[in-house]
Amino acid sequence: MTKINQEFGIEPMLTKEGCEARRARLWNLLGKSWILPEIVLSDPIHLRYFANFHVEPFHLGADFGGVLILRSNGENILISDTRLPAPTKQCHVDQHISLSWYDGQSPGKGPRRTFLTKEVQKYAPRIDDGLLAPNAGLLYDTITQMRRQKDSDEITLLKKCMKLGEIGHAWALQHVQAGMTELDVYLGIFQAVAQHEGSAQVLYGDFAVSPGSARRGGPPTRQVLQNGDMLILDFSVVHFGYRCDFTNTIVVGGHPTADQMRLYDACTAAMQAGEAELRANAECQRVYDAVAGKLQEYGLQDYFPHHAGHGLGIQHPETPYFVKASSETLLAGDVVTLEPGVYVDGIGGIRIEHNYLITDAGFERLSNHEIKLV
């Protein structure tokens, strides 16, 4: 087990074996269609996925990163500058070249990216970035398809995200009350998650009172919560670049009306209908139709304006998508969400959501927060 970095409290969890397997799989999938002896990648997502290289957003180097060179002979080289946090030094590559761009005592040596160019060209003289290479579309399409079927080290990391998200939702059920602001709720959830983990965590999403169709979510504001408000909490915790995304809606004050309970019953029934369709080789259209069809049974189809769920992992959202005109099929290893929601003026808006790992037999639910109005 990698030691936790004392500066940030971050334990890089993508394994050396996982990174090596993904790099080998990429070359195998590209085959003879890739005509160059190198692949050059600088997208932070790709550096994380193939090399366990991640710069936390709280660090001054967050907007930069590095350049990863994959060579057809199996060699891999990562080039970065020295002003990056300690966890980046725990990347899984054959060679990590760290160049001094700025030492704090003399002027920086030009823009960071161009500073690395000469070093990159020593190892990949014909291309500066995968985006500029021949068949760049093939490269990026291949990586996107690869990322759908999560490896075991990715699942471990996603489960860690889920645990942190569950802590935030549990805090909300215990503490949300009239007189608080939406911002108070966000800060309370953030503090609960950060205190548990022992370090700041990226936390984003919807922390919004929904009166109905006019507001289905949004970032927290100074709006004061009142008894009877329907507060949508649809947030993600990001840990080492991977993220959860699940939702509960709370009726402030704990006394939902009969109409609010009807919306809740419809959404829970719709989620169960969607779950019944989750399995490898199932058409995503069937999943959407199951969710939407159950809401139609409740007469709420006109109040369901968005997708029924989506893929999740390094990005949010990512393929596949449960939408009206889906053409995708579920794969074993997909991590997806189901999130039925309805927004009725005069009653309020509700959305609930769980996260799932797709298997050949069905699914494993990854999120285990409590979904309830009170």
Side-chain angles (χ1 to χ4, degrees), residues 13-31 45 48-50 140-163 165-166 236 239-247 267-294 307-340 352-369 371:
M13 295 177 71
L14 291 181
T15 64
K16 178 181 178 182
E17 294 77 13
C19 290
E20 289 175 344
R22 286 186 283 275
R23 293 192 292 257
R25 194 155 72 242
L26 174 62
W27 280 111
N28 287 336
L29 289 170
L30 291 172
I45 290 174
R48 189 178 310 132
Y49 185 64
F50 290 111
Y140 276 68
D141 288 346
T142 301
I143 295 174
T144 297
Q145 187 66 16
M146 282 180 60
R147 284 179 31 228
R148 281 191 56 179
Q149 295 181 279
K150 305 299 188 288
D151 294 309
S152 60
D153 55 345
E154 295 182 278
I155 297 301
T156 298
L157 189 46
L158 284 166
K159 287 182 176 180
K160 176 64 174 292
C161 298
M162 306 297 168
K163 291 294 184 184
E166 290 162 13
S236 299
H239 188 74
F240 207 69
Y242 283 75
R243 58 207 68 210
C244 63
D245 173 32
F246 45 90
T247 310
C267 285
T268 55
M271 177 176 282
Q272 291 169 2
E275 288 178 343
E277 300 296 335
L278 292 181
R279 63 178 100 35
N281 300 314
E283 295 178 354
C284 292
Q285 184 68 60
R286 287 181 61 88
V287 180
Y288 175 85
D289 289 344
V291 173
K294 185 59 67 171
H307 54 221
H310 54 79
L312 186 68
I314 299 180
Q315 289 183 296
H316 169 207
E318 59 183 34
T319 189
Y321 303 96
F322 302 136
V323 292
K324 288 182 179 179
S326 177
S327 60
E328 297 167 312
T329 300
L330 287 173
L331 304 173
D334 273 330
V335 173
V336 300
T337 78
L338 286 176
E339 54 174 323
I352 61 174
E353 185 177 22
H354 268 307
N355 299 166
Y356 309 85
L357 170 65
I358 302 301
T359 66
D360 289 325
F363 64 85
E364 176 188 351
R365 199 177 75 190
L366 300 179
S367 56
N368 293 291
H369 67 308
I371 293 180

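Legend: residues meeting salt bridge (charged side-chain N to carboxylate O under 4.0 Å, His left out) with Lys159, ordered by chain and number and at least two apart, are Glu364. Every residue meeting the side chain to side chain donor-acceptor pair (under 3.5 Å) condition with Arg22, not counting sequence neighbours, appears here in chain and number order: Asp151, Asp153. Under the salt bridge (charged side-chain N to carboxylate O under 4.0 Å, His left out) criterion, Arg23 pairs with no residue, sequence neighbours left out.
His369 and His354 have perpendicular rings, their planes meeting at more than 60° on a 0 to 90° scale where under 30° would count as parallel.
No side-chain N or O of Arg243 forms a donor-acceptor pair with one of Gln315 less than 3.5 Å apart. With 3.5 Å as the limit, one finds a donor-acceptor pair spanning the side chains of Glu339 and His307.
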Go through Asp289 and Gln285 one step at a time and tell me if the side chain to side chain donor-acceptor pair (under 3.5 Å) criterion holds. CA-CA 6 Å; Asp289 289 344; Gln285 184 68 60; 3.0 Å; yes
Evaluation steps, side chain to side chain donor-acceptor pair (under 3.5 Å), between Glu154 and Tyr242: CA-CA 8 Å; Glu154 295 182 278; Tyr242 283 75; 2.7 Å; yes
Verdict with supporting geometry, Glu353 and Thr337, side chain to side chain donor-acceptor pair (under 3.5 Å): CA-CA 7 Å; Glu353 185 177 22; Thr337 78; 3.2 Å; yes
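Counted within 6.0 Å of CG on Asn281, heavy atoms from surrounding residues, nucleotides or ligands total 12 or fewer; the atom is thus considered open. Within 6.0 Å of atom CD in Glu328, more than 12 heavy atoms from other residues, nucleotides or ligands are found, so the atom counts as buried in its surroundings.
With respect to Arg365 and Glu166, no salt bridge is recorded, no charged nitrogen being found less than 4.0 Å from a carboxylate O.
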